[in-house]
There are 2 protein chains.
Amino acid sequence: MQDDAPFTRSYAQVCGVATALDVIGDRWSILIVRDLMLGPLRFGDLAAGLPSIGTNTLTARLKLLETTGVVARRAAPLPDRGTVYELTPYGRELEPIVMALGRWGSRSMDRLPANAVWHSRWLVAAMLAFHDESHAVAKPTTWALWLSDGPFSVVAEATQVSISAGAPAKADAVVSARDEVLHRMLIGQLEPGAALSDGDVTSDGNPAALVDLLALFAFPPVDSAIDTASAP
Amino acid sequence: MQDDAPFTRSYAQVCGVATALDVIGDRWSILIVRDLMLGPLRFGDLAAGLPSIGTNTLTARLKLLETTGVVARRAAPLPDRGTVYELTPYGRELEPIVMALGRWGSRSMDRLPANAVWHSRWLVAAMLAFHDESHAVAKPTTWALWLSDGPFSVVAEATQVSISAGAPAKADAVVSARDEVLHRMLIGQLEPGAALSDGDVTSDGNPAALVDLLALFAFPPVDSAIDTASAP
DNA sequence: CGGTATCCGCAAAGATACTG
DNA sequence: CAGTATCTTTGCGGATACCG
């Protein structure tokens with residue numbers, strides 16, 4: 001161990017926070033972790049989800065995250081043939097931190113530039129972050145959720161919820177929605193009943209499944225922007 | 001609001017995590033927050049605690065953190081005259097996140113370069129991060145803790161612990177130690193009794209106060225480095 | 001002393017073309 | 001599709017000079 005100096009531009013501070021930033025503080029690194037939270041991804045899929053990263057930078061980040069034990073390269077499961085990147089156990093320990101960071105940062109989203117890009121994958125990650133821990137489902141339930149990025153599987157049991165990319169092997173319900181419609185329902189701007197009758201959402205012919213799905217999540221009220229004492 | 005585009009090089013992603021990084025993802029920003037967690041600081045003190053930051057960069061970071069509502073400039077309390085920077089309520093909401101990040105990163109500290117710098121301030125921040133929530137003190141207690149960076153006050157009541165820079169108005173005990181000695185006691189490498197008799201620590205003439213102080217914290221075992229499947 | 005502005009050298013990031 | 005090589009641009013570190 002201690003091959004060499006893994007950190008190219010280390011803060012060189014004997015401090016856990018500074019060391020954490022040596023590992024995941026470079027530009028893009030935390031977003032790579034975010035995208036891997038929903039499951040393994042190939043190099044190209046990572047690049048596609050991180051507009052303007054530049055493949056050389058992505059390579060450098062993955063290399064550092066690999067040598068620091070956050071991410072692992074693995075042969076892709078059979079049909080695919082190829083390589084995927086996934087979080088190691090150490091990397092998965094970042095999940096609660098990244099989700100807390102996302103909840104915190106969501107209150108500054110009113111400052112985003114107008115040209116900001118949308119991925120349904122990120123909405124799904126936000127669902128995980130805003131999962132309502134005080135809500136318990138009556139019986140274990142699996143949803144297939146189809147959005148613009150493709151299918152996701154949502155599994156709930158008691159007060160636990162897990163979400164991952166890809167369709168579940170067997171779903172109790174299949175929900176399909178335009179991203180923006182799902183988002184508006186999650187933040188309480190749109191009634192599921194209205195969306196269903198408008199045809200913006202389909203719920204497997206079973207409207208209750210959509211309501212049950214939405215009940216798992218507690219997105220904050222929309223007015224939550226930060227007020228900065230307005231300057232001169 | 002929405003003065004302009006506050007983020008010079010925004011990720012421009014509609015995602016809470018990406019937005020959080022737009023705010024505090026620049027180099028040094030999180031370390032500024034870390035240093036402000038223990039109390040307000042002046043520009044010079046911040047610069048001194050962040051070796052090699054460069055004053056222009058520090059100015060730029062503070063400016064962004066101020067416009068985003070994370071940090072506030074305030075006139076220093078009376079004796080001093082001048083300006084101090086402190087966390088806003090929004091900025092303080094980062095504290096649990098930064099501490100969790102520090103706990104996570106502390107397990108990669110074996111990768112730090114050999115020339116890494118030590119500040120007792122960071123050890124104190126680690127104490128806060130590794131505070132043992134399952135430990136309750138019998139009665140409310142205040143310690144004055146003297147380290148190389150100066151005095152800190154540690155206040156414990158029931159299972160709550162708060163730490164800030166500066167001496168407390170009234171302390172139940174005054175503990176004084178060389179940084180490294182305190183660290184070794186916290187990670188269990190050095191018995192407080194032995195340190196006291198060696199004179200490496202003084203405890204106000206009351207040895208029990210030191211033991212009580214150490215009992216507040218649960219630093220992880222030292223072997224906690226991450227194993228990366230050793231390559232080639 | 002606290003803070004800002006400016007210049008320079010360098011290293012990292014963005015963009016894209018190219019190769020196994 | 002996965003990644004490397006190359007070129008340009010931008011941000012950072014360091015020094016220094018300048019205002020309050």
Side-chain angles (χ1 to χ4, degrees), chain A residues 5-13 18 21-32 35-36 40-67 71-77 79-86 113 115 117 231-232, chain B residues 5-13 18 21-22 24-32 35 40-67 71-77 79-86 113 115 117:
Chain A
F7 310 135
T8 49
R9 195 160 47 151
S10 173
Y11 288 108
Q13 298 184 357
L21 294 174
D22 281 340
V23 175
I24 53 160
D26 287 320
R27 193 164 164 81
W28 296 110
S29 292
I30 292 181
L31 297 184
I32 292 172
D35 282 354
L36 292 179
L41 285 176
R42 319 229 306 239
F43 185 94
D45 296 323
L46 271 168
L50 301 170
S52 85
I53 190 183
T55 55
N56 50 359
T57 303
L58 180 54
T59 299
R61 292 299 173 274
L62 288 171
K63 206 161 285 178
L64 179 62
L65 292 174
E66 196 186 347
T67 67
V71 158
R73 289 176 55 125
R74 189 168 53 81
D80 254 22
R81 174 76 128 280
T83 310
V84 293
Y85 294 88
E86 65 184 354
N115 59 4
V117 166
Chain B
F7 310 135
T8 49
R9 190 156 54 153
S10 173
Y11 288 108
Q13 299 183 356
L21 293 175
D22 281 341
I24 53 162
D26 287 320
R27 192 165 166 80
W28 297 110
S29 292
I30 292 181
L31 297 184
I32 292 172
D35 283 354
L41 286 176
R42 316 220 306 234
F43 185 93
D45 296 324
L46 271 168
L50 300 170
S52 85
I53 190 180
T55 56
N56 50 0
T57 303
L58 180 54
T59 299
R61 292 300 173 276
L62 287 170
K63 203 162 284 176
L64 179 63
L65 292 174
E66 196 186 347
T67 67
V71 158
R73 289 175 57 125
R74 188 169 53 82
D80 253 23
R81 172 80 125 277
T83 312
V84 292
Y85 294 86
E86 65 184 355
N115 60 2
V117 166

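Treat the numbers as computed from the prediction; the structure is a model and nothing was measured. Just so we're on the same page: letters track the sequence lines, and every chain starts at 1.
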Exercise. Within the structure, does a side-chain N or O atom of A/Lys63 lie under 4.0 Å from either OP1 or OP2 of D/dT4?
Worked result: yes
Quick one: [X] [atom1] to [N] [atom2], roughly how many Å, whole number?
{"X": "B/Tyr11", "N": "C/dG14", "atom1": "OH", "atom2": "P", "answer": "8 Å"}
{"X": "B/Phe7", "N": "D/dG11", "atom1": "CZ", "atom2": "C1'", "answer": "18 Å"}
{"X": "A/Arg61", "N": "D/dT4", "atom1": "CZ", "atom2": "C1'", "answer": "16 Å"}
{"X": "A/Glu66", "N": "D/dG3", "atom1": "CD", "atom2": "P", "answer": "10 Å"}
{"X": "A/Trp28", "N": "D/dG11", "atom1": "CH2", "atom2": "P", "answer": "14 Å"}
{"X": "A/Ile32", "N": "C/dA13", "atom1": "CD1", "atom2": "P", "answer": "11 Å"}
{"X": "A/Leu46", "N": "D/dA2", "atom1": "CG", "atom2": "P", "answer": "9 Å"}
{"X": "A/Leu50", "N": "D/dG3", "atom1": "CG", "atom2": "P", "answer": "15 Å"}

Problem set entry | Toward the 5' end of DNA chain D, by each residue's nearest nucleotide, B/Thr57 or A/Arg73 | A/Arg73
For this session: Examine the base of D/dG14 for any acceptor or donor lying under 3.5 Å from a partner atom in the side chain of B/Asn56, and report the outcome as yes or no.
Result: yes
Problem set entry | Side chain proximity check, A/Ile32 to A/Leu41, heavy atoms < 4.5 angstrom | no
Exercise. So do A/Leu62 and A/Glu66 actually touch side chain to side chain, heavy atoms under 4.5 Å?
Worked result: no
Remember a base hit wins even if backbone is also touched, and classify [X] as base, sugar-phosphate or nothing at under 4.0 Å, heavy atoms.
{"X": "A/Thr59", "value": "base"}
{"X": "B/Thr83", "value": "sugar-phosphate"}
{"X": "A/Gly44", "value": "sugar-phosphate"}
{"X": "A/Leu58", "value": "nothing"}
{"X": "A/Thr55", "value": "base"}

For this session: Taking all heavy atoms of A/Leu64 and all of A/Asp26, pick out the closest pair and write down the distance.
Result: CD2-OD2, 3.7 Å
Exercise. Within the distance-only criterion (no hydrogens, no angle test), does the side chain of B/Arg61 pair as donor or acceptor with the backbone N or O of B/Arg27 below 3.5 angstrom?
Worked result: yes
Exercise. Can you say whether the rings of A/Phe43 and A/Tyr85 are parallel (under 30°), tilted (30 to 60°) or perpendicular (over 60°)?
Worked result: tilted
For this session: Using the closest heavy atom to pick a nucleotide of DNA chain C for each, name whichever of B/Asp45 or A/Arg27 lands nearer the 5' end.
Result: B/Asp45
Seminar exercise, completed: Side-chain contact check for B/Arg42: nearest option of D/dG13, C/dC1, D/dC1 is C/dC1
